[in-house]
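Each remark here refers to the structure printed beneath this line.
Note that these values count all heavy atoms, side chains included, but never hydrogens, waters or copies made by symmetry.
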Amino acid sequence: QVQLVESGGGSVQAGGSLRLSCAASGYIYSNYCMGWFRQAPGKEREGVAAIYTGDGDTYYADSVKGRFTISQDNAKNTLYLQMNSLKPEDTAMYYCAAGEVLGGLWYEGVDGMDYWGKGTLVTISS
């Protein structure tokens, strides 16, 4: 089975940067998407960014476009999320996820993911 382990979270001031990593192990689908999600207290889990291994296409939530960058290192089976110009509203638990892509839309949000990491906490102070 697939196992995902996040790292890189921490506490930084507004305007700072962090890079999150997600190490994947076990069998990964030949065609799959991987993404980052976040959940703040009292809010629903929301998609932040995702990448499709089929063609490298990416998705970003409007709230993070221009600030966050998702990428993969296939040799290391690792997913990254570079976060710049961080804002207090970015404070949340960040989760790495992976989902099989069989056809149609490659990114379908939370419901399209099959495996989840346990999360890494990101706290941004003003």
Sub-3.5 Å donor-acceptor pair from the side chain of Q1 to the main-chain atoms of G26, do we have one? no
With sequence neighbours excluded, what pairs up with D111 under the side-chain contact (heavy atoms from CB on, under 4.5 Å) test? none
F37/W116 aromatic ring centres below 6.0 Å: yes
Test side-chain hydrogen bond (donor to acceptor under 3.5 Å, both in side chains) applied to D62 - qualifying residues, sequence neighbours left out: K65
Mind checking what makes side-chain hydrogen bond (donor to acceptor under 3.5 Å, both in side chains) contact with D57, not counting sequence neighbours? W106
Could you tell me the separation between the CG atom of L81 and the OG atom of S71, rounded to the nearest 0.5 Å? 8.5 Å
With sequence neighbours excluded, give me every disulfide bond (SG atoms under 2.5 Å apart) pair touching residues 88-126. C22-C96
What closest approach, in Å, do M34 and A24 show between heavy atoms, and which atom pair accounts for it? CE-CB, 4.4 Å
If you define the side chain from C-beta out and look only at heavy atoms, does anything of V122 sit under 4.5 Å from T91? no
If you round to the nearest 0.5 Å, how far is OG of S126 from CG of L86? 13.0 Å
Shortest non-hydrogen separation from S21 to T78 and the atoms involved: CB-CG2, 4.3 Å
Taking it one step at a time, do Y32 and D114 satisfy side-chain contact (heavy atoms from CB on, under 4.5 Å)? CA-CA 10 Å; Y32 63 95; D114 303 310; over 6 Å; no
Please check if I51 and Y80 belong to a single hydrophobic cluster, counting links between Ile, Leu, Val, Met, Phe, Trp and Tyr side chain heavy atoms closer than 4.5 Å. no
Between L18 and G8, which heavy-atom pair has the shortest distance, and what is it? CD2-O, 3.8 Å
Enumerate the residue pairs fulfilling salt bridge (charged side-chain N to carboxylate O under 4.0 Å, His left out) with a member in residues 76-89, sequence neighbours excluded, ordered by first and then second residue. none
Within this structure, what is the OG-CZ distance for the pair S85 and R67, rounded to the nearest 0.5 Å? 7.0 Å
Applying side-chain contact (heavy atoms from CB on, under 4.5 Å), run through V101 and T53 and close with a yes or a no. CA-CA 9 Å; V101 177; T53 60; over 6 Å; no
What do the steps show when you test L20 against M83 for side-chain contact (heavy atoms from CB on, under 4.5 Å), and what is the final call? CA-CA 8 Å; L20 306 184; M83 306 187 294; 3.7 Å; yes
E46: what forms a side-chain hydrogen bond (donor to acceptor under 3.5 Å, both in side chains) with it, not counting sequence neighbours? R38
Nearest non-hydrogen partners of P88 and A14, listed with the distance: CD-CB, 4.1 Å
Look up atom CH2 in W36 and atom OG1 in T120, then write down how far apart they are to the nearest 0.5 Å. 7.5 Å
I need the N77 CG to S25 OG distance, nearest 0.5 Å. 8.5 Å
Measure across A97 and M113 and return the closest heavy-atom pair with its distance rounded to 0.1 Å. CB-CG, 3.7 Å
For M93, all residues meeting side-chain contact (heavy atoms from CB on, under 4.5 Å), sequence neighbours excluded: Y95, L121
Going by disulfide bond (SG atoms under 2.5 Å apart), name the pairs with one or both residues in residues 31-95, residues two or more places apart or in two chains. none
Across all chains, not counting sequence neighbours, the side-chain hydrogen bond (donor to acceptor under 3.5 Å, both in side chains) partners of S17 are N84
According to salt bridge (charged side-chain N to carboxylate O under 4.0 Å, His left out), does anything in residues 12-24 pair up with another residue at least two apart or in another chain? List the pairs. none
By side-chain contact (heavy atoms from CB on, under 4.5 Å), T69 pairs with (sequence neighbours left out) Y60, Q82
Answer whether the closest heavy-atom distance between the side chains of N31 and Y52 falls below 4.5 Å. yes
OH (Y115) and CD (Q3) are apart, to the nearest 0.5 Å, by 10.5 Å
Hits for ring pair (Phe, Tyr, Trp, His ring centres under 6.0 Å) against Y59, two or more places apart or cross-chain, chain-then-number order -> Y107
